[in-house]
Amino acid sequence: MTRAQRRPWERDACMTQVMTHEERTALRDSVRRLLADRCAETDVRRVMASDTGHDDALWRELAGLGVAGMLVSEDNGGSGLGPVELELVMEEFGAALSSAPMISTAMAAMLLDGARAQALAAGELIVAVAPLGVHDWTGQSDVRVAGGRAEGVARFVPDGQIADLVLLAGDDGVYAVARDAFSATSLPVFDRTRRLADLHIDGPVERICDGSRVAGALAVGLLALAGDQAGGARRVLEFTVDYARERRQFGRAIGSFQAIKHMAADLLLEAESATSAARNAAEQLAGDAADRDGALALAAFACADAYVRCAKDGVQMHGGIAFTWEHPAHLYLRRARSGAQLFGDSRHWRERFIQALEAQS
Amino acid sequence: MTRAQRRPWERDACMTQVMTHEERTALRDSVRRLLADRCAETDVRRVMASDTGHDDALWRELAGLGVAGMLVSEDNGGSGLGPVELELVMEEFGAALSSAPMISTAMAAMLLDGARAQALAAGELIVAVAPLGVHDWTGQSDVRVAGGRAEGVARFVPDGQIADLVLLAGDDGVYAVARDAFSATSLPVFDRTRRLADLHIDGPVERICDGSRVAGALAVGLLALAGDQAGGARRVLEFTVDYARERRQFGRAIGSFQAIKHMAADLLLEAESATSAARNAAEQLAGDAADRDGALALAAFACADAYVRCAKDGVQMHGGIAFTWEHPAHLYLRRARSGAQLFGDSRHWRERFIQALEAQS
Amino acid sequence: MTDEELKAEVTAWLAANWRGAPQRTERFGPDPRAEWLAKVRDAGWAAPRWPKEWYGRGLSDAQARIVESCFAEAKAPGTGQDRSNLWANTALAHATETFKRQIVPQLLAGEVGMCLLYSEPGAGSDLAAIRTRADKVEGGWRVTGQKVWTSGAHIADYGMLIARTDWSVPKHRGISFFFMPMRQKGVDVRPLRQITDETHFNEVFIDDAFIPEENLLGNLGGGWGVLQTALAYERSVMGDAARGARSGAKEAHGDAALLELAREAGKLSDPLVRQDVAQVIAWRMLNSLNTRRAKAELKQGTSSSIMSLGKLAMSRILHEEGRVRTELLGPESLLQGPDHPRAEDANFLSLNAYFTSIGGGTDQIQRNIIGERVLDLPREPEVDRDVAFSAVVAGR
Amino acid sequence: MTDEELKAEVTAWLAANWRGAPQRTERFGPDPRAEWLAKVRDAGWAAPRWPKEWYGRGLSDAQARIVESCFAEAKAPGTGQDRSNLWANTALAHATETFKRQIVPQLLAGEVGMCLLYSEPGAGSDLAAIRTRADKVEGGWRVTGQKVWTSGAHIADYGMLIARTDWSVPKHRGISFFFMPMRQKGVDVRPLRQITDETHFNEVFIDDAFIPEENLLGNLGGGWGVLQTALAYERSVMGDAARGARSGAKEAHGDAALLELAREAGKLSDPLVRQDVAQVIAWRMLNSLNTRRAKAELKQGTSSSIMSLGKLAMSRILHEEGRVRTELLGPESLLQGPDHPRAEDANFLSLNAYFTSIGGGTDQIQRNIIGERVLDLPREPEVDRDVAFSAVVAGR
């Protein structure tokens, strides 16, 4: 996004007033309570087993808390919040393995206005975003837009299988594709908490804004993912440490053995660093800071790597019990692995990070 | 070296007869005893502090055991042995931090014949080898040979500071440079047990053989270095484990703590793998096997990496005592670090290794 | 009998009898080749090193190897069970006379399915902490408890069981070893779903099951010792059975496969990929070289510390290969299932690597063992070493 | 007094008195600025939070910070020692009245050199296992033992010493804390050469040295507690003083430096180098972000577990940066000395990284602390916890 381009949370007058620490904590707590109640492990497994991978009733309730419309301006029925609040909420989503279409929704909020933004904020309209051209992180999408029509396949689109509307986001503009102009092939994904679809597009499209907004939408998507990863990393470490405190072998809690204790200490460094990176990226994005690109890139790979390591070592620290399907550790490992590919892998983001450093030096 | 080119240990009739296991063990033991006696830590430090970094008396004695002439044919007054014996002896040199010019001598043995080979085997002639052109691992040498003269600088040449003769080893031929045609600048090296010199060459040279022998000489140099590293890695692990058995903190030997015990177990895997790699490379080289290049490349990076890791973690496992100059741990770390650069770093050799795999598949 | 005479006899016997047999596809459960195996047993070829009394021929190891090579040449199965049959070896060494007479011939002919009832939910790394109890009753024992990580329990006739028969002594000393009949009320076998979505293992719930008197192996309370010999057999039999990929050639994760995948993915010219692929392949090769050297050193009579490193090495190789395969596939690795075999392989490998890094002793336990038994580092203080197991349990 | 009045007074005092002073170049030893510092002390600015009785002015923290900012503006040293002077704080808190009267003014004026006599060859990670003994004699104590890793011992007048005064109780309970006079027969200071070839530290051999009665701090046998407060002061004063390179700007190992080295070495276009450089810089940034977040959370009153991670993080950063710098330089890294500053930096950093990963508690000890104090994992069984130290020594 160009520096001049103002984001929703800046456009709105009241948005210059940032939420207080207490308000943010209250928002986080209300999301946490709802997820504890409605997105417990059994719910996660139920949604994993479902066709759509989506819990619409819960999504409507989250919308009721203002979460779906978080980045939508209050004029359009949203909560008019910003990246800092988004990141905080995503930590909760990640910790709970929520499959709510929050990343897609946050990205869409950066691209939609008017009635569609309103429906988005109400949780009534599910919108998937397919980045094209230079933004296509999959390297495998081939949608061509010309003469008011689009044709081709957009690959690995999050929440594509439940989308009512698809936004094709390219450098030359953003195009809306209505439900009758695409068909979605739900992909057999390794991480069943994060559904992806190939979208076969063939039909008329509507140009809704120019391409200058796309980078901002992608930045928000990346930030949301980073928050999810930081939250997931901390949660998997938390229940692993809990287990290490309780589980006894050789007459002692296994957490009293240095092999386990030291792994836990190393993972704490990873999980806390990821959290710092994600929150810093949110602040930089909110503040439109000069090193925003670097901060986002840093969050992208630091959070992905930290989550994978915490989830991996978490399984190892549990031992046999975590090798069973019924134990939740592998759900986090699957989610960590899927997040580490989504929107580009860590190597890609390390490269982008050093590019940002070079640009500054 | 081309496949057809026979090495000394093949050229000689008696060489088809490989040393027995017992003979090899006896050779190793005699070298080990001599080094224990004459290359103890105090000797190492004395030689480190000396100008030349060379213990000529000890070198003559090693020559007396047949070590200097190991790869020189019996016709030329050598012991007519092969890579397997060289590697075994180098493990002892590495373990003892010997600064004897054995790598240079082994390389030179692959290039010299006649009276010079005889003097080499007797320990009377110290020969340094400077690889040029495609073989120049430093990327910084610029010696030009033309019209029976050579001019330029050969950089980072092992044992150059004590050399009586320098061999310029390029693809187009090997040239001998006599003492009056070069001057050596002894380099201020980080690892004082392995001296290097820049050789400023300006004078007549003598062509002694064509370039086809050079690869063989380099292979032998690489193998010798790998043996040195494997021996060093095992030795540093050995005295670290000894210390961990004796040193008590918190009322227990520190080796009873998993933090130390598990590091030691991991290092054992590294050190033993390095030993397997070096010995395998020796066998492949002796047997002129098809995957000789791959085996050498594997030994090059496996031994370098293992040694660095064992020496590094060895310091950590000792704690404060190894942060002192008077403790030998850092001497091994310095040696490990210098070996990891000599003849190309691990990244270079991993690349060569995968090239060898590609050539086979 | 000379070697030549022996060879002639085996060859003639095979020529007269071997007409092929059905393949064995399941590692556990009754053997479909039972008819043939019974014939091999009755002819004395099943366990040629054993005495005649026990279906053998009392042959030396060298001569037994001749028998084995004749069978191998004819591609006929069934011999060499004196080296390879875990169950029969354990029974012969430790079972009561009565039970041995009954079970050994059945085991040699593969007529009974077997399983291992060792690990428990509360006794994994610390196997001696088992709490399955066997209480003495008239004519035998009554058993109650729970076992996990059991392969083939659903098709087994007997399970080799460790259970606690004395709670008043330290943990290693109150354990006994049994052949427990599996087909009885009181033994409930449930499949255990792994993180790879496979079910190779079972949980076994034991509720007041009965074991006859004669099914005790070794002495009462001496089960830990019997277990050690059984585990040693198992290690030497199973070897390194770490599996790689699920689809296609399961053992094909050698050097070529990863290189080939990189080439297929169009990434073999990428310098980072080249380094990663080279390193994984290097570790595999180093592990093979270590194994080869260990065997050579054992032959030369020098003790070898290298043998114990294989499992730890393999653990790193598998985890790292999973990582590199994932990196090679990029977004494709997000998928699974039969339509995406490369992704299936990468994901399966990444998860199944824990089979090696956790199963049969975690990497952490393995490092303890290497540190203590190979490097002779002192053991940790053991808080439950000399304490009656009932007190350890109470202290939880 | 209002803030404005205070500010006016300090400013006026500085205007009247401050004419500059010699720079301090040595961290230890008598302070060349002593004359100025005595003036500051006598004016009551040295420790403005302290009571007037102790050279202070009894100011609130907020007002004391005003004094500090006035001094900072004038670039005048000497104030804020109630926060920064380890020695004076320790003495004020724990010394006897007699000794306090003598030493505190001297410490505030930097008139005496100080050093720390804590670690011993046999007591590193396990500091409470010290064996330096202090035996009661007429009028004081006689001390014998050996201390290591002492900075500035050769120019010190006193050492803060822990020594064992009671061998019949467990290790933590028999230790006492002293200000030991260094300039006496019986105290032999020898430089300790580090692996970096520097000599920042000393070994101190103590043979029947004398400590007067009044130099005991805290209670007899209560030295471990005094030590803990002294260590806490030290941590808050020293902050994270991990040094980077030797030549040139010592603290310049920020983000730009490594990137610049890669560019200088002509390797900034190498994709592997880019990944390595990016990762090291990322770890540095993450560590800064962690510290910033920890401070912010502490202000918000939520407890922060992040603070304790800095040393462990820095250890990895330094070791890894040493590796990457070495890789960037290639053969050049084989060299050292003033003619090869880049190699000198890479090699120094690689070795000096142990200053952080070993010094002040090894990474291993640090992980124990994080595991136990932050993650609340249970402690290991401690074999020497409740044993008289003499018995621990005998049990070696």
Side-chain angles (χ1 to χ4, degrees), chain A residues 21-22 25 237-238 240-242 244-246 248 250-258 260-281 283 291 294-295 297-299 301-303 305-306 346-358 360-361, chain D residues 254-260 262-263 268 271-283 285-294 296-297 299-302 304-313 315-316 363-381:
Chain A
H21 178 66
E22 287 67 27
T25 306
L237 175 59
E238 191 180 299
T240 301
V241 168
D242 285 347
R245 261 188 236 111
E246 296 306 321
R248 296 176 74 87
F250 306 103
R252 298 161 51 180
I254 60 169
S256 72
F257 289 101
Q258 289 186 337
I260 298 297
K261 188 179 289 176
H262 291 192
M263 279 172 101
D266 285 338
L267 295 188
L268 182 66
L269 174 58
E270 299 301 320
E272 291 298 346
S273 299
T275 304
S276 296
R279 294 186 187 172
N280 174 61
E283 285 162 26
D291 52 353
L298 175 62
F301 70 86
C303 296
D305 292 350
S346 288
R347 178 179 165 184
H348 169 78
W349 289 109
R350 263 192 296 273
E351 174 57 34
R352 291 285 293 264
F353 173 65
I354 198 170
Q355 283 170 17
L357 292 174
E358 287 175 290
Q360 275 170 50
S361 73
Chain D
D255 319 336
L258 188 58
L259 198 70
E260 198 38 55
R263 187 174 291 146
L268 197 48
L272 264 110
V273 165
R274 291 175 72 79
Q275 292 283 312
D276 280 350
V277 167
Q279 187 62 63
V280 171
I281 295 177
W283 278 332
M285 284 193 181
L286 293 172
N287 194 34
S288 304
L289 292 174
N290 280 345
T291 306
R292 207 180 68 187
R293 186 157 72 90
E297 290 190 2
K299 265 187 208 156
Q300 283 161 10
T302 57
S304 179
S305 63
I306 320 160
M307 211 62 131
S308 61
L309 298 168
K311 184 165 177 292
L312 193 58
S315 168
R316 173 167 71 172
D363 284 356
Q364 286 67 40
I365 293 287
Q366 202 61 24
R367 290 193 183 96
N368 259 8
I369 292 173
I370 294 167
E372 289 166 14
R373 300 198 196 153
V374 182
L375 294 173
D376 198 26
L377 288 165
R379 299 175 68 94
E380 287 186 277

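The basis for the numbers below is simple: all heavy atoms, side chains too, and nothing from hydrogens, waters or symmetry mates. Letters A, B, ... mirror the listed sequences (proteins, then strands); counts begin at 1.
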(request) Would you mind telling me which of A:Gln355, A:Glu351, A:Glu238, A:Gln360 has the largest number of heavy-atom pairs within less than 4.5 Å of chain D? (result) A:Glu351
(message) I want to check something: taking the side chain as every heavy atom from C-beta on, are A:Asp305 and D:Gln279 in contact at a cut-off of under 4.5 Å?
(response) yes
(request) Examine whether an atom of A:Asp242 lies under 4.5 Å from a heavy atom of chain D, and if so say whether it belongs to the side chain, the backbone or both; otherwise answer neither. (result) neither
(request) Verify the distance criterion only: is there a donor paired with an acceptor across the side chains of A:Gln258 and D:Gln364 at less than 3.5 Å? (result) no
(request) Check whether D:Arg274 gets within reach of chain A through its side chain, its backbone, both or neither, counting any heavy atom under 4.5 Å. (result) both
(request) Among D:Leu312, D:Asn368, D:Ile369, single out the residue with the greatest number of heavy-atom pairs under 4.5 Å to chain A. (result) D:Asn368
(message) Quick one about A:Arg347 and D:Gln275 (side-chain donor to acceptor, distance below 3.5 Å, no hydrogens or angles considered), yes or no?
(response) no
(request) Select, from D:Ile370, D:Asp363, D:Leu286, the one with the greatest count of heavy-atom pairs under 4.5 Å involving chain A. (result) D:Leu286
(request) Heavy-atom distances under 4.5 Å only: say whether A:Glu22 touches chain D with side chain, backbone, both or neither. (result) neither
(message) Which heavy atom of D:Ala282 sits nearest to which heavy atom of A:Phe301, and what is that distance?
(response) CB-CZ, 3.5 Å
(message) With a sphere of 6.0 Å drawn around CZ of A:Arg352, does it hold more than 12 non-hydrogen atoms of other residues, nucleotides or ligands?
(response) no
(message) Under a 4.5 Å cutoff for heavy-atom pairs, which residue among D:Pro378, D:Pro381, D:Gly371 has the most contacts with chain A?
(response) D:Pro378
(request) Taking the side chain as every heavy atom from C-beta outward, state whether A:Ile354 and D:Leu259 have any atom pair closer than 4.5 Å. (result) yes
(request) Please look at A:His21 and chain D and tell me whether the side chain, the backbone, both or neither of the residue comes under 4.5 angstrom of a heavy atom of that chain. (result) side chain
(message) Can you tell me which portion of A:Phe257 sits under 4.5 Å from chain D's heavy atoms? Options are side chain, backbone, both or neither.
(response) neither
(message) For A:Arg245, which atoms come within 4.5 Å of any heavy atom of chain D: side chain, backbone, both, or neither?
(response) both
(request) Measure the shortest side-chain to side-chain distance between A:Leu357 and D:Met285 over non-hydrogen atoms and say whether it is less than 4.5 angstrom. (result) yes
(message) Less than 4.5 Å to any heavy atom of chain A: does that hold for the side chain of D:Gln366, its backbone, both, or neither?
(response) neither
(message) Which heavy atom of A:Ala265 sits nearest to which heavy atom of D:Leu309, and what is that distance?
(response) O-CD2, 4.3 Å
(message) Working to the nearest 0.5 angstrom, can you tell me the gap between A:Ser273 OG and D:Asn287 CG?
(response) 7.5 Å
(request) Examine whether an atom of A:Glu358 lies under 4.5 Å from a heavy atom of chain D, and if so say whether it belongs to the side chain, the backbone or both; otherwise answer neither. (result) both
(request) State whether the side chain of A:Lys261 and the backbone N or O of D:Leu375 hold a donor-acceptor pair below 3.5 Å, judged by distance alone. (result) no
(request) Using non-hydrogen atoms and a 4.5 Å limit, figure out which bit of A:Leu269 sits close to chain D: side chain, backbone, both or neither. (result) both
(message) For A:Ala277 versus D:Leu289, what's the shortest heavy-atom pair and its separation?
(response) CA-CD1, 4.2 Å
(message) Which atoms of D:Asp376 are under 4.5 Å from chain A, going by heavy atoms: the side chain, the backbone, both sets, or neither?
(response) both
